[in-house]
Amino acid sequence: MRAAMVERIRTSGHAHRAEVEQVLLATPRHEFVPDADLSLAYDPWQAVITHRFVDGRSSSCASAPWLVAAMLDQLDVQPGNRVLEIGAGTGYNACLLAQLTGRADLVTTIDIDPDVTARARRSLTATGYGDVHVITGDGALGYPDHAPYDRLIATVSPWDIPVQWWKQLAPGGRLVAPLRWRGQGRSVAFTHTHGRLVSDSLHLCGFVYLLGEDDGELSGSITSDGLVTLHWDRDQAVDIAALHTVLDQPRVTAWSGVSLGGNESHDGLWLQLTVADPRVCRIKVHADVPPEVCDPVPGWWRMALVEGSTLAYLTSRRLETGDEARWELGAIGHGPAATELTEYLCDRIRAWAPERDQHKPMLTVYPANTPDSELAGPAIDKTHSRFVLTYRDLAS
């Protein structure tokens, strides 16, 4: 089952580094998730929830194996690297890191939950990797005792990059973190270069949040029953009160003429729009909401645009073309500027579609005090840093 899992991961384009493939094959994942049956433990696409908050939300999990592989490819651990992991989880990822660097004592994993670290410590010891340093503490502070680190990986999602991570990452070191901006989450791989963090790959993903006073993602309901919410960054001009009854206003629908097959993704559209459009955010719709009330594209990650008291979001409809089913992308809007905003979104879809995701973005993260004149483009401002997303091969 483990071999079949790794083969499916490789077929999907991950674990392309031979070292990552080898450690996935060598590590008994089921021993790190003993409460899960084997089919779940070795399902390449499924995370295993191991701890929950009292309200039912997941507080810790074993990430889906494909994502573990993708992030380890991004991290590019070399023998002898000193590694810090933020978010201990089950200990599975720390076990893989220990094998990649060649010495368990070069790996430190930290988590704020003592139950999580106790379980990770037990699993690592039982599988022969008890020399991994398992620390109970605030991951946002890193762990300076073993710094500097050649590699730093976060398996919880921060809204910003904490100052201590900058300080503890060696020059030339690599950092992989599932960052959030404009409502989306991306696993981003950076190299620490000349006081900046410069990316070379991004993957769409979702993780348990790294919560703290620096978190700047805001959310609010736009329906009286609380089943439809918006998520946006604190630097965005979103007046949630002005949108509270927006879905009660007449619906405007526009279609782009662009269609996708069942295995084609539209997430690159969202990524491109975050470059210069500060209106981009995320809409979250509970499964109980009927489509006549709100009908976004399927899935967790659903892009929306907000301008004053107007909301527009990405939608789709099924098209039958012979034996193949395709989905046409469009926009649904509510509010006084719904016609303009839906047409704008369809125009952006049409501009993105011809080459789709062939353009490769680069995210550069600068310290918060960096002046505009030294930035490569418009900034998304965080607490400790400034995010600048650019497309070198895209004219606009």
Side-chain angles (χ1 to χ4, degrees), residues 157 159 178-188 202-207 217-223 227-238 240 243 246-247 251-260 264-287 289 291 293-308 310-317 327-335 337-353 356-357 359 361 363 378 380 387 389 391 394 396:
S157 179
W159 181 79
L179 297 170
R180 291 175 279 135
W181 70 94
R182 301 300 186 246
Q184 62 177 331
R186 304 267 171 177
S187 175
V188 188
L202 298 90
H203 291 299
L204 187 70
C205 66
F207 272 85
E217 183 175 281
L218 306 176
S219 64
S221 173
I222 59 172
T223 56
L227 297 182
V228 181
T229 56
L230 288 179
H231 299 256
W232 70 96
D233 291 332
R234 67 183 179 206
D235 70 316
Q236 293 179 278
V238 173
I240 197 67
L243 295 162
V246 69
L247 295 179
R251 172 183 290 192
V252 175
T253 304
W255 297 102
S256 68
V258 173
S259 64
L260 302 177
E264 294 179 300
S265 172
H266 54 74
D267 71 88
L269 169 67
W270 193 347
L271 190 60
Q272 282 192 17
L273 278 175
T274 67
V275 172
D277 195 327
R279 301 174 297 179
V280 179
C281 57
R282 172 164 58 97
I283 189 169
K284 183 179 179 182
V285 183
H286 192 278
V289 176
V293 173
C294 192
D295 189 23
V297 290
W300 177 262
W301 302 102
R302 295 154 164 183
M303 183 183 69
L305 297 172
V306 170
E307 183 175 298
T310 300
L311 167 73
Y313 58 85
L314 195 66
T315 189
S316 64
R317 63 181 175 182
W327 283 262
E328 183 182 6
L329 296 178
I332 293 175
H334 299 262
T339 299
E340 294 82 357
L341 214 53
T342 53
E343 287 298 338
Y344 165 81
L345 186 49
C346 286
D347 285 344
R348 298 305 301 174
I349 294 169
R350 288 187 283 266
W352 160 79
R356 297 196 178 165
D357 296 331
H359 300 291
L363 178 63
I380 297 173
F387 285 20
L389 189 71
Y391 286 78
L394 194 61
S396 61

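Computed from a predicted model, the values in this text were never measured in an experiment.
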Once rounded to the nearest 0.5 Å, what's the spacing between atom CG of Leu314 and atom CG of Leu273? 9.5 Å
Kindly indicate, with the supporting measurements, whether the criterion salt bridge (charged side-chain N to carboxylate O under 4.0 Å, His left out) is fulfilled by Arg182 and Asp235. CA-CA 10 Å; Arg182 301 300 186 246; Asp235 70 316; 2.9 Å; yes
Note: His266 and Trp352 closest approach over all heavy atoms is CA-CH2, 3.8 Å
Main-chain N/O of Gly257 paired with Glu328 side-chain donor or acceptor, under 3.5 Å: yes
Is the backbone of Pro178 close enough, under 3.5 Å, to the side chain of Ser157 for a donor and an acceptor to pair up by distance? yes
Among Val275, Leu271, Thr274, which one satisfies side chain to side chain contact (heavy atoms under 4.5 Å, CB included) with Pro361? Leu271
With heavy-atom distances below 4.5 Å as the criterion, would you say the side chains of His231 and Thr229 are in contact? yes
Give me the ring orientation class for Phe387 and Trp181: parallel if the planes are under 30° apart, tilted from 30 to 60°, perpendicular past 60°. perpendicular
Restricting to non-hydrogen atoms, name the atom on Thr223 and the atom on Ser221 that form the minimum distance, rounded to 0.1 Å. O-OG, 2.7 Å
Close side-chain approach of Leu243 and Val238, heavy atoms under 4.5 Å: yes
Between His334 and Val246, what is the shortest heavy-atom contact and its length? CB-O, 3.1 Å
Spacing of CG belonging to Leu202 relative to CZ belonging to Arg186, to within rounding of 0.5 Å: 7.0 Å
Any donor-acceptor pair under 3.5 Å linking the side chain of Gln236 with the backbone of Pro278? yes
Nearest 0.5 angstrom please: Leu389 CG to Leu363 CG, how far? 6.0 Å
Taking only residues two or more places apart in sequence, or in another chain, which ones meet Asp277 in a salt bridge (Lys or Arg N to Asp or Glu O under 4.0 Å)? Arg279
Nearest heavy-atom neighbours spanning Ala337 and Thr310: N-OG1, 2.9 Å
For the OG1 atom of Thr342 and the CG atom of Asp347, what is their distance to the nearest 0.5 Å? 9.5 Å
What is the minimum heavy-atom distance between Trp255 and Cys346, and which atoms define it? C-SG, 3.7 Å
Can you check whether Val280 reaches Leu305 side chain to side chain, under 4.5 Å on heavy atoms? yes
Is there a side-chain contact between Leu230 and Arg282 in this structure, where contact means two heavy atoms from C-beta onward sitting under 4.5 Å apart? no
Please report the interatomic distance OG(Ser265) to CG(Leu204), rounded to the nearest 0.5 Å. 7.0 Å
How close do Cys205 and Ser187 get, counting heavy atoms only, and between which atoms? SG-N, 3.3 Å
Asp295/Arg302 salt bridge by N-O under 4.0 Å criterion: no
Pairwise side-chain contact, Trp327 with Val297, heavy-atom cut-off 4.5 Å (strictly under): no
Checking Arg350 side chain against Ser256 main chain: does a donor-acceptor pair fall under 3.5 Å? yes
Using 0.5 Å steps for rounding, measure from the CD1 atom of Ile283 to the CE atom of Met303. 11.5 Å
Does a side-chain heavy-atom distance below 4.5 Å link Arg356 with Val258? yes
